[in-house]
Structure formats: structure tokens, C-alpha cells
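Working notes, structure below.
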Amino acid sequence: MSTVTVDGVEVEMEAGATLLDAAKAAGRWVPTLCFDERQAPFGACRVCLVGLADSPKPVPACTTPCRDGMEVETEQPAARRVAGAVVELALSELPGRPAAGTELARVAERLDVTEPRWPGAVHERRGDLRHPYLALQHELCISCGRCVRACDEVQGAFALTATGRGFEANIAAGLDAGFEDSTCVSCGACADTCPTDAITEIGLLPQLSEE
Amino acid sequence: MAAVTTTCGYCGVGCRLEALADGDRIVSISPALDGPANEGHTCIKGRFAHGFTRSPDRLRTPLIREDGELRPASWEQALERIVSELGRIKTAHGPDAIAGLASSRATNEDCYAMQRLMRAAIGTNNIDNCSRVCHSPTSFALRRSFGLSGATGSFTDIDRAEVALMIGVNPTQGHPVVGARIKQAALRGCRLITIDPRRIELADYGAIHLSPRAGTNAAVVLGLCHVIRRDGLVDQEFIAARTEGYESLAELLENCTPEATEEITGIPAADLEAAAHLYGEAASASLLWGLGVTEHKYGSEVVQLLCNLAMMTGKVGKPGSALLPLRGQNNVQGSSDMGALPDVYTSYRPVDDDEVAASFEAEWGVPLSRRKGLTIPQMFDAAIAGELKAMYVFGEDVAQTDPDTAHVAAALENLEFLVCQEIFENETTGFADVVLPASSFLEKEGTFTNAERRFQAVEAAIPPPGEARTDFEIIGEVSRRLGHEMGWESPWDALDEIARLTPQYGGVSRKRLGRDGLQWPVREDGTDSPILYDASFDRPGGRGHFAALPYKAPGDSADEEFPLILVTGRVLQHYNAGTMTRRTANVDLVDRDRLEIHPDDAARLWIGDGDRVSVRSRVGHIEIEAQVNTQIEPGHVFTSFHFPETRTNLLVGQSSDVNTSCPEYKVVAVDVRPFSENPSFEPALGTAG
């Protein structure tokens with residue numbers, strides 16, 4: 001057990017708990033993009049940064065274990081500035097605004113990220129509608145890795161892979177031959193966790209375009 | 001748009017789902033993050049296969065047969081026909097000339113209402129449900145060995161087990177969310193033992209796979225027990241303190257050596273020994289089984305032998321050491337718990353127990369029969385003999401799913417009156433005089449009980465289509481018109497009655513179910529039971545019972561005329577008779593049943609992948625497409641039974657479990673021949689010399 005203070009609220013945490021758990025226990029919101037409670041913490045997106053007393057830099061809440069006496073500031077200006085910039089960078093590569101209701105759109109809104117300051121290359125639309133239920137919209141992928149981890153850690157089908165680097169980073173089903181020609185078992189865990197609708201249900205696509 | 005949290009109506013895992021609807025259509029379904037059995041996950045069926053609810057061929061009005069044809073009718077006409085025909089038959093031939101079937105896909109409250117309809121409104125114990133043909137042997141055996149008819153633990157025990165032994169079950173196909181859970185456990189270090197004539201997917205993640213000849217499970221389990229005893233892996237303390245009858249089992253085990261086991265099962269003696277050590281030496285180990293254990297002539301005995309295995313190693317009633325029968329349909333557990341069985345009331349209390357019967361008589365205000373009713377196979381026999389005149393079949397396509405299709409058809413043909421309560425026309429409604437349009441799981445409320453004995457709430461996401469009504473409403477209305485008013489406003493009143501009349505479920509109520517459900521037994525104060533038998537068994541004296549049951553040969557076996565053994569089962573994308581999944585885009589992924597055959601057998605028979613083949617058994621004959629693969633052991637063939645055009649069950653005979661008459665679907669001797677005009681197989685000329 002450890003006692004952690006989050007924004008002045010003291011919480012008792014079990015061994016193994018993270019600062020994100022502590023923030024939740026204290027009723028404080030911390031933005032996340034690559035986090036899903038069904039998966040092991042990944043710490044890739046840097047959106048969950050929080051300030052920590054006596055720490056020179058903000059730390060990612062999802063992968064930092066609680067230690068007795070830690071003092072966390074969720075809205076520390078430096079942490080929020082980095083988180084906002086990360087989200088802004090993600091938005092700057094998309095061909096349009098993220099669909100309302102997606103996790104990315106909600107996080108952007110709460111962090112007050114609207115129009116990205118950096119114009120430049122955006123992803124070209126590349127859809128894959130071959131599967132009867134699952135749609136891939138590659139241009140919306142922000143490489144958070146959640147779908148790949150859902151496929152590995154929740155289902156165990158190992159059908160999705162992270163591909164490419166930098167701007168080209170994306171995901172592929174199987175050897176990019178689509179879900180049907182992969183080890184996919186159509187469980188939909190990837191669509192469930194995707195924060196941007198890069199993988200979504202085909203049945204929901206008309207709805208998305210209406211909005 | 002409106003969202004409800006409900007419970008999945010496919011397999012017995014009991015995933016909690018969030019169903020989003022727009023008016024009368026389901027928009028999407030996602031898993032509830034806090035679902036106790038699914039923890040934020042679900043499968044292709046639960047998540048995607050909901051389109052059947054608004055399939056154009058859903059039954060939307062009642063149908064009645066006139067001049068040999070089923071034609072649309074009003075509810076008034078349909079109900080009047082039912083009441084007058086059932087009334088006439090009851091007067092002329094007595095109440096036992098009528099029988100009803102409840103459905104393991106329906107809610108507890110639907111099933112409870114159905115057994116009350118038969119018992120109180122008609123006056124017969126002729127009520128059964130489709131668990132007869134799947135897990136009745138499990139229920140029988142668990143009651144004999146331990147006391148209660150349910151899993152001894154929960155799915156979370158899989159996460160805590162050092163070893164998981166799976167026999168006759170293919171969770172990644174039949175119970176995908178539990179399959180995924182087992183796979184994740186294996187990836188974290190849980191060691192798997194898989195026992196099946198098919199090399200199931202989980203075998204690739206396991207420590208050891210045993211492939212017994214179909215029908216020899218008893219010999220396998222006895223062999224495991226022999227090694228455990230021989231090598232000193234028994235828990236003497238547990239046996240002495242908690243059980244009875246070990247001595248006679250020990251005597252029987254004497255001759256069940258690995259060598260003798262190899263002779264019967266074909267499993268190499270060293271593999272059997274390794275598996276026994278793995279299980280016996282683990283600090284915690286869980287046992288999982290499915291219909292590959294139960295659907296045999298001695299299926300109920302094999303479940304008793306599995307109970308022996310757990311008891312002699314003290315691996316029951318502890319975290320991580322659970323016996324988990326994986327139930328095929330969403331409410332296999334509940335439909336039987338609710339007394340939709342010919343010999344028992346709720347919670348498996350015998351119909352000839354005066355005190356129990358009297359409590360129902362007091363509640364329902366009618367005298368009740370103390371005579372046991374007919375099981376499903378007995379119903380068909382009685383119909384053919386002309387003793388059973390009418391059946392009311394609710395949510396079961398017996399003409400597709402029960403064994404020996406020709407026998408079932410003859411029985412249905414011979415009835416004077418048949419009512420089907422269904423969501424689609426099917427093989428059975430073809431024989432019906434009245435068809436009532438009913439509701440799917442997304443259109444009703446009540447409770448299901450999953451394979452962990454967990455009562456979970458079901459909420460309606462959409463209304464039934466057209467004039468269709470909920471099953472609960474329909475059964476209540478039929479009962480009322482037959483002169484027995486059940487007096488319930490909603491299924492929740494029925495649940496209260498169930499709790500009031502059943503001590504095991506005493507503390508169950510809609511309010512207490514909450515989001516997590518309740519695992520029975522549930523005490524009056526609402527305390528439920530994730531683990532059974534932590535201190536004592538639910539038998540006289542509190543002791544578990546060792547059954548000394550020797551291996552006996554299955555009801556069918558290969559011979560010169562029928563040299564291969566057919567095993568049947570499910571595939572991931574479809575569900576049983578396929579009524580629901582065939583009406584969704586799941587058919588874009590799998591659109592037919594296929595016969596899996598080993599390359600050695602295929603080559604010998606000149607059969608190529610994709611060829612049409614004829615399959616002949618002692619009782620029937622079908623044609624099907626061959627799929628050549630190494631998953632199946634040589635000497636066996638495998639097929640699913642999801643597509644009615646395959647008519648797989650024409651091949652299955654009358655052989656059934658000795659204690660519960662569950663059909664022997666898993667051992668059918670067959671002859672397979674190529675049937676193609678253009679066989680893709682090109683036989684190679686043998687090399688001379």
C-alpha cells in the first residue's frame with residue numbers, strides 16, 4: 001500500500017497501482033490515447049503526462065508506479081502543454097476532423113486542441129471494406145497500438161501488425177491482405193478499442209458520414 | 001438512440017453486452033467493460049450477429065395450418081385453435097398425451113412459465129428442454145458426485161490455475177470469449193492439457209495434447225487416475241476428510257495401466273503419464289469439458305470420472321481448481337435449473353417429493369402430478385407409438401438438431417397437434433398446426449444463467465417485430481385461456497416466485513442482480529457463491545462420492561462397412577442450427593458445413609479438398625464438401641451441423657447416454673466415398689518395386 005496525493009486529494013493505493021489508477025481513485029481526469037484498461041499499460045502516446053513533485057519533468061501516469069508520498073499534479077502546465085501538442089500533431093496528419101464521439105475527438109476537445117498549427121502532409125484516404133463487419137480506414141490511424149494489443153492481449157489472434165515508420169506508420173491485418181486473409185477471428189476487439197475509428201464496424205460507417 | 005446493458009443470447013459464457021438501438025433496429029453491440037464473464041470482450045456472434053432480428057423472414061404473425069398449408073392468422077384464431085385442440089386431446093386421452101419443450105435459448109422466466117404451463121394448466125410432467133441433448137449427463141453426474149448441478153467455480157479460476165485440462169471441448173470455436181481467456185492464461189504460463197480426437201487450436205498453446213479414439217474418454221480419465229495413484233500424487237488428506245468410496249475406485253484403477261489405456265485409446269503411454277503428472281503435481285488445476293464428453297453412450301459416467309480425478313487430487317472447491325462444464329447455449333444451465341425437466345421442479349427437486357410438490361400446489365392452486373414425465377427421446381417414441389398426441393415446442397428445431405432425423409420426422413408426423421413457438425419457420429414448423437411468432441433475446445427481459453451458475457439480467461433493446469410477442473406473454477396467455485391464470489405482470493414477478501419457492505435461489509431479485517449478477521446458491525441476504533464446496537459437498541454427510549465406473553465400449557464403432565468415425569461439433573462463425581447466424585453476414589465468412597478428413601484417409605479414398613463426398617451411416621446418408629486437413633486424427637471425420645441442407649443428424653442413430661438419454665452425437669461409424677463428377681484428386685501411380 002502507498003499513499004499518493006493527487007491534486008491535493010490523498011488516496012491509498014494497492015501495490016502495483018499506477019499514477020493513472022491513483023488519479024482515477026481521486027476522481028481526477030487524466031487524458032489518455034494509447035491506454036485501455038483491458039490491456040497492459042503501454043506508455044507510447046505521452047498524452048497522460050502529469051506533474052510530479054520533485055521531478056524535473058512530467059511523467060506518464062499510465063506506466064509510473066505509485067510510491068508512498070508521491071504528489072501528483074494532473075493539470076501541471078508543462079504536462080498539459082506536451083499532451084496538447086501530441087494530440088495536435090496527431091490531428092495534423094488526419095485528412096479531416098476526427099469523428100465526433102471518438103476518443104480522439106473527446107480528448108482533443110477537453111485539451112482545447114482545435115485547428116492544428118502545423119499544416120502539411122495529411123494521410124490519403126485508404127479504406128478496406130472487404131470484411132463483412134470490420135472496416136479499415138488507414139488514414140485515421142494514429143499508431144497508438146491499441147488494436148494490435150487488443151488482438152494480442154485480449155483475443156490472442158495475433159492478426160494485426162504495426163507497419164511503417166514516422167508518417168508512414170500504420171497498421172495491417174495479416175500481411176496487409178485484409179482481415180479475412182489473416183488469423184482474424186472477427187471478434188471486433190480492435191474496433192472496440194480504436195480511439196479514432198481507423199478500425200470500425202462497417203455497419204456504423206453511414207452513421208459516421210451523416211454526422 | 002437508446003442503449004441497454006443486457007446478456008448475450010449465444011453460448012453459455014454469458015457476456016454482458018451494451019446494445020445500442022435506433023427505434024426497432026439494433027445499431028451496434030459492444031461488450032460491457034464490467035461484464036464479470038467477459039471483462040470487456042466478446043466474439044463475432046455476440047458483437048456482430050444481430051442482423052437476424054430484423055431478417056425479412058422473421059415470423060411476424062401467427063400461422064395456422066389449413067388444407068395442409070400454413071397460412072397467416074390472427075392471434076385470436078391461433079390461440080383459439082391451441083386451446084380447443086389441447087382441450088380436446090386432454091379430455092379424450094388425458095394430460096399425459098400432451099408434452100412441451102422449453103428452450104435453453106429462452107430466459108429463466110420463460111422456461112419457468114413453460115413448465116408451469118405443462119404442470120399446472122395441462123397437468124402433466126411431460127416437460128423437457130434441449131439440454132437433454134447436450135449437458136444432461138453433466139447435470140446428472142455433478143449431482144451424483146458433488147451434489148449440485150453446476151460448475152464448481154467461475155471463469156476467473158482459469159486465470160488462477162497453474163494447469164487447465166480440457167477434454168471434449170473446443171473453446172476457441174464454441175465459447176470464444178472463454179477460449180480467448182484460456183489462450184491468454186496459457187501465454188502467461190498456465191499449462192494446458194488438451195484431450196480431443198481433433199487437434200484443437202488451444203493444443204498449439206498447450207503443454208500436451210492427447211488424441212484418444214472417439215468414445216474412449218472413460219479409459220483416458222481412468223488411465224490418468226491410475227498414474228496419479230501409482231505415482232503418489234493423490235491427496236490422501238482430502239480423500240479421507242471429504243469423500244467416500246475411494247477404495248472401490250482404487251481397486252478398479254489397478255488394471256487401468258498406461259499400457260492398457262494405450263491399447264484402448266491409442267494415446268502413447270508416455271504422453272498419458274506426462275499429462276497425469278502435469279495435472280497431479282500442479283498446486284491448482286481446473287477441468288473444462290464440453291459435449292465431446294457428454295454426447296456419448298457413457299457420457300454421464302465420464303463426467304463422474306472427471307469428478308473422481310478432481311477429488312483424488314483435492315482439486316475442487318479452491319481458487320484455481322474448478323470443474324467448469326462449458327455450456328453450449330446461453331441458458332442451458334437456467335432452463336434446467338428452472339425445472340423444465342420431466343422429473344424435477346426448480347433446483348432439481350424431484351416431482352415425487354411430496355413436500356416440494358405441495359409447495360407448488362399451494363402457490364399455483366392446482367393438484368400436481370407426482371408421476372415423472374417423458375424425456376425428449378421418450379416423447380418421440382411415445383408419439384410413434386400413438387400414446388403422445390400433442391406437443392408444444394418452444395424455441396427448438398427438433399427436426400434439425402435431434403438425432404435420427406427420420407425418426408423425429410415420423411414422430412412429428414404422427415402427432416395429432418403440434419404447436420411451435422419460434423422466431424423463424426424451420427424444419428420443425430413444417431410439421432406444425434399452429435406457429436406462434438415469438439421473440440429473440442434482444443427483444444425480451446428476464447434472466448439467463450450462464451455456465452458459472454450466474455443469474456444475469458436480460459433487457460429488451462428493441463421490440464418484437466410485427467405482431468410477434470414475447471415468449472413470456474404468449475405462454476401466460478395460453479395458460480390463461482386454458483383456465484390457469486399465472487398472475488404475473490412481468491417476468492420479474494415470475495423471478496420473485498422462483499426465488500420464493502426455491503431455497504437455492506432465495507436471495508435472487510431483479511434489484512440485487514445489478515450489473516454483476518448472482519451465482520447460485522444465493523442466500524436470503526443476497527450472498528452468492530462464486531466457489532462451491534470449499535468446506536463440504538452438498539451430499540448426505542457432506543462427502544463427495546467416488547464412482548468406480550469401468551470403461552465400456554461406445555454405442556457405435558468402426559467396422560469393415562463403416563470404417564470411419566464421424567464426430568460433430570460447432571465452428572466459430574455459426575451457432576447450432578444456424579437459425580440466427582445464417583441470417584447474418586457470418587455466412588460471408590462460412591457458408592456451408594464441411595467434412596474434415598485427414599490427408600491419409602483422403603488419399604486412400606481418392607478424395608481431394610473441396611470434393612463432394614457421400615457419407616453413409618447405419619441409419620442415414622448425406623452429401624457434403626470435403627475439407628482435407630490434419631486437425632482431425634486419421635480414422636475420424638468431423639463436421640458441423642449449422643446448415644439444414646446438410647442434414648448431418650440423419651446420420652446419427654438412437655444410441656444415447658445410459659443415464660440421461662443424451663444422444664451419442666460424437667461417435668457415428670460412417671462410410672465416406674467421393675461423389676464428384678470431376679474429382680480434383682489425381683491418384684498417383686504407385687512406384688513399382
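In what follows, every chain begins at residue 1, and chains take the letters A, B, ... in the order their sequences are listed. No experiment lies behind these values; they were computed from the predicted model shown.
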>> For the interface with chain A, which of B:Thr42, B:Leu572, B:Leu589, B:Val177 has the highest count of heavy-atom pairs at distances below 4.5 Å?
In response: B:Leu589
>> Quick check on B:Glu39 against chain A: is it the side chain, the backbone, both or neither that has a heavy atom closer than 4.5 Å?
In response: backbone
> Are any of the side-chain heavy atoms of A:Val185 and B:Pro176 separated by less than 4.5 Å?
Replying inline: no
> Between B:Ser28 and A:Glu201, what is the shortest heavy-atom contact and its length?
Replying inline: CB-OE2, 3.5 Å
>> If I measure from the heavy atoms of chain A, does B:Thr172 come under 4.5 Å with its side chain, its backbone, both, or neither?
In response: neither
>> Under 4.5 Å from any heavy atom of chain B, what part of A:Asp152 do you find: side chain, backbone, both or neither?
In response: backbone
> What's the shortest heavy-atom distance between A:Ala189 and B:Arg47, and which atoms?
Replying inline: N-NH2, 3.6 Å
> Do B:Thr584 and A:Tyr133 come within less than 4.5 Å of each other through their side chains, counting heavy atoms only?
Replying inline: yes
> Got a sec: does the CD of B:Glu645 have more than 12 other heavy atoms crowding it under 6.0 Å?
Replying inline: yes
>> Atom CZ of residue position B:Arg54 - does it have more than 12 heavy atoms of other residues, nucleotides or ligands inside 6.0 Å?
In response: yes
> What heavy-atom pair brings A:Pro132 and B:Asp588 nearest, and what distance separates the two atoms?
Replying inline: CB-OD2, 3.8 Å
> So how far is it from A:Leu134 CG to B:Ile44 CD1, rounded to the nearest 0.5 Å?
Replying inline: 8.5 Å
>> Can you confirm whether B:Arg25 is buried at CZ, in the sense that more than 12 heavy atoms of other residues, nucleotides or ligands lie under 6.0 Å from that atom?
In response: no
> Do the non-hydrogen side-chain atoms of B:His41 and A:Cys187 ever get within less than 4.5 Å of each other?
Replying inline: yes
>> Under 4.5 Å from any heavy atom of chain A, what part of B:Ile29 do you find: side chain, backbone, both or neither?
In response: backbone
> Does atom CZ of B:Arg191 have more than 12 heavy-atom neighbours, drawn from other residues, nucleotides or ligands, at distances under 6.0 Å?
Replying inline: no
> Quick one: of A:His131, A:Glu37, A:Glu153, who has the most non-hydrogen atom pairs under 4.5 Å with chain B?
Replying inline: A:Glu153
> If you count heavy-atom pairs under 4.5 Å between each of B:Gly46, B:Gly179, B:Gly51, B:Gly40 and chain A, which one has the most?
Replying inline: B:Gly40
> For atom CZ of A:Arg165, is the number of surrounding heavy atoms from other residues, nucleotides or ligands below 6.0 Å larger than 12?
Replying inline: no
> Side chain, backbone, both or neither: which part of A:Gln155 has an atom under 4.5 Å from a heavy atom of chain B?
Replying inline: both
